[in-house]
There are 2 protein chains.
Amino acid sequence: MRTARHITLPKGFQAAGVACGIKESGQEDLSLFAAQDDASVAFVTTRNQIVGAPIQYCRQRFPRGRGKARAIVVNSGCSNVCTGKAGLRDAESMAKRVARHLDCASEKILVASTGLIGRRLPMDRVRAGIDQAAGSLSRRNDAAALRGIMTTDTREKSALVQGRLDGREFTVAGVAKGAGMIAPSMATMISILNTDLAISPTVLAAGLRQVIDDSFNAVTVDSDTSTSDIVAVFASGAAGNATLKKGTKAFARFVSVLSEVCGELARAIVADGEGAEKIIRVEVRGAVNRDQARIAAKAVADSPLFKTAMHGADPNWGRIAMALGKSAAEVRAETLKIRIGGVLLFSRGTGRRFDEQSVRKHLAGTDIHVQADLGIGDGRFTALTCDLSREYITINADYHT
Amino acid sequence: MRTARHITLPKGFQAAGVACGIKESGQEDLSLFAAQDDASVAFVTTRNQIVGAPIQYCRQRFPRGRGKARAIVVNSGCSNVCTGKAGLRDAESMAKRVARHLDCASEKILVASTGLIGRRLPMDRVRAGIDQAAGSLSRRNDAAALRGIMTTDTREKSALVQGRLDGREFTVAGVAKGAGMIAPSMATMISILNTDLAISPTVLAAGLRQVIDDSFNAVTVDSDTSTSDIVAVFASGAAGNATLKKGTKAFARFVSVLSEVCGELARAIVADGEGAEKIIRVEVRGAVNRDQARIAAKAVADSPLFKTAMHGADPNWGRIAMALGKSAAEVRAETLKIRIGGVLLFSRGTGRRFDEQSVRKHLAGTDIHVQADLGIGDGRFTALTCDLSREYITINADYHT
């Protein structure tokens, strides 16, 4: 599915990534994702109450999280968070500079920043970076554009699905960054998605809302919620389809494809979680309702004791029961069933005899499946998380301000 | 303040600790804390919905968490959690065996267990251990009794305050265990407290309720809440004071002393947190109310990113702002002030210039003080936590079932 082109494969989009000196490493640290004409855009932002200047800026420009836009400029290495009014002016100035290059109103430019909190952006370098990026926009710059949004990520993350609608080929493509400070509260990473389908901002926003809970909001690396993050989807209309309407089969098809792309990006984020060696699906069913299933799954996925047990490949179902029990979801020991790798370890209030070798073999792998059936109702939710390793501590104790 | 006698220093109490073979290590693993006559007792138990058989047993015997009792028997190495009806019978049988030795009704015996979840107790050994412990009850066995309740604890934890009331000397003494699976939800460790004051169960329970939130419920090691834990206070009346009444100066004096002992035990638990190298006070003031202050302080104290920054002695106030912002408490960047070691790092929405050397020196120590003034109301709360180290991972990834 991977090709040299990812985010620019949908028709009507370009990208660029440059190194302008925000990161000391000399790596790419500024990316521009642009539509060739005005595109529909919809985005969701973090639920953290302390938000960066770029998030404030985007919310001011698009109070309902949707509209017509041309581009998003993203820098890494400095998040422009807790930088006061000066920081807000910096975000605005980034938008203006991009707009001048694209010959559009600055209201049509989104801004995102990721990296250290509390530092001002080195605006001389940022301005030079924007000039360079705008001058090199192309449909073949995906690799550099992907690297330009990375912080502690160890790999580029992209996903792509193509299909046909109205006899025309369409593409939904996405890139994402995020390795720590990831928790299931709306939009806790940066992800840019492009599609060439024709779709209004309102319908695009409806589609994004439908997929976000089961993808980006279902992942957790460390239960911490970033101050900066945003998921934005652009639709150029260049595929030439009839404009998508809500409640139609075509819309359902788009939502399904968008969900696939977002799900793949969410999995990539967890797999690249700071220090992660394993990706763990925590599937809760039988909860009172879907909300309670989410709360229960999240309690397990966030539990340090559970995550260290998974790191140690230990079938310690007691820690799963503990985490479910401490959650705000209704849980009863008598009706609870716990499975790891499909093997029943706990039911009717007690541990079962089980094939320990088979479970240990599953846990020794890198793709772990934990199931908890609460046995009460019909609510289901699957959270994604990773194990907690010494390497997480190393990365985060040594990531200095 | 430490003497060879801790928990048995209040008049009217005895203790014993024996090694009966529950722990593979051969360390002490069963302790008995007994009053010489019927004593008042009050206790609080975990809020986890999955609770061990001993907790179920205690709740059945004392539905209001108070009454008259003679003793508590505590074993370590196996928590008797998720063991079904058989586990409940085991807890009951422990109480009965103790009662036979003390020549009292089994309803007067509390039971607590800590250790692995999901295993049945080796009852032959437990019975032999109870016989041995009952036979060796004494006012001079404190060291063994303290060791008998430990699991991953690296040190014995005890605290003791003496004072005078009505011209008579009185003592409040306590012991505690707990190093992981500690979070501020009611009673998340095992702690036994003895006092020789005369006080009814109802008034004793009122005193315990008053102190628990600021002591045991204010500490967090890993945000996980145990299925097993209990804080129980016994009052023998042997000091010879007039029975304490609520709303009196004497009661206030008792509450103050109890608070001091519980606070000291809570600090000892955090200082001995799994892998902990530092103890961190997270003081929140200026919240809408006390509940919100608690929520905000807990969000910081539980944040893995904050805890790893403290481990790395990094004045990363951005992670403090992030953790406050993600909490359910009302937080505004504009009114927020953040201090570390008394030095102002953040106010009016931005980072301040600060004496970095002085802050780094404070962070290099083992007793860290973080303050966040939300600048909104009068709510205050101080949470206690520890740093998150590689050693936490080692302990918990390698603690096998």
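Chain A is the first sequence line, chain B the second, and so forth, proteins listed ahead of strands; every chain is numbered from 1.
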Non-hydrogen atoms of chain A under 4.5 Å away: do they reach the side chain of B/L336, the backbone, both or neither? side chain
Measuring from atom CD of B/E334 to atom NZ of A/K85, what distance do you get when rounded to the nearest 0.5 angstrom? 9.5 Å
Please report the shortest heavy-atom distance between A/Q49 and B/V331, naming the atom on each side. OE1-N, 3.1 Å
Answer with side chain, backbone, both or neither: which region of A/A329 has an atom nearer than 4.5 Å to a non-hydrogen atom of chain B? backbone
Quick check for you: to the nearest 0.5 Å, what is the distance between B/I320 atom CD1 and A/I50 atom CD1? 11.5 Å
Rounded at 0.5 Å granularity, tell me how far SG in B/C82 sits from CD1 in A/I338. 7.0 Å
Side chains of B/M322 and A/N48, heavy atoms from C-beta outward: is any pair under 4.5 Å? yes
Evaluate whether atom CZ of A/R352 has more than 12 neighbouring non-hydrogen atoms of other residues, nucleotides or ligands under 6.0 angstrom away. yes
Please identify, among A/V81, A/V51, A/L324, A/T350, the residue contributing the most non-hydrogen atom pairs under 4.5 Å to chain B. A/T350
Taking A/S389, A/S79, A/G351 one by one, which has the highest count of heavy-atom pairs under 4.5 Å against chain B? A/S389
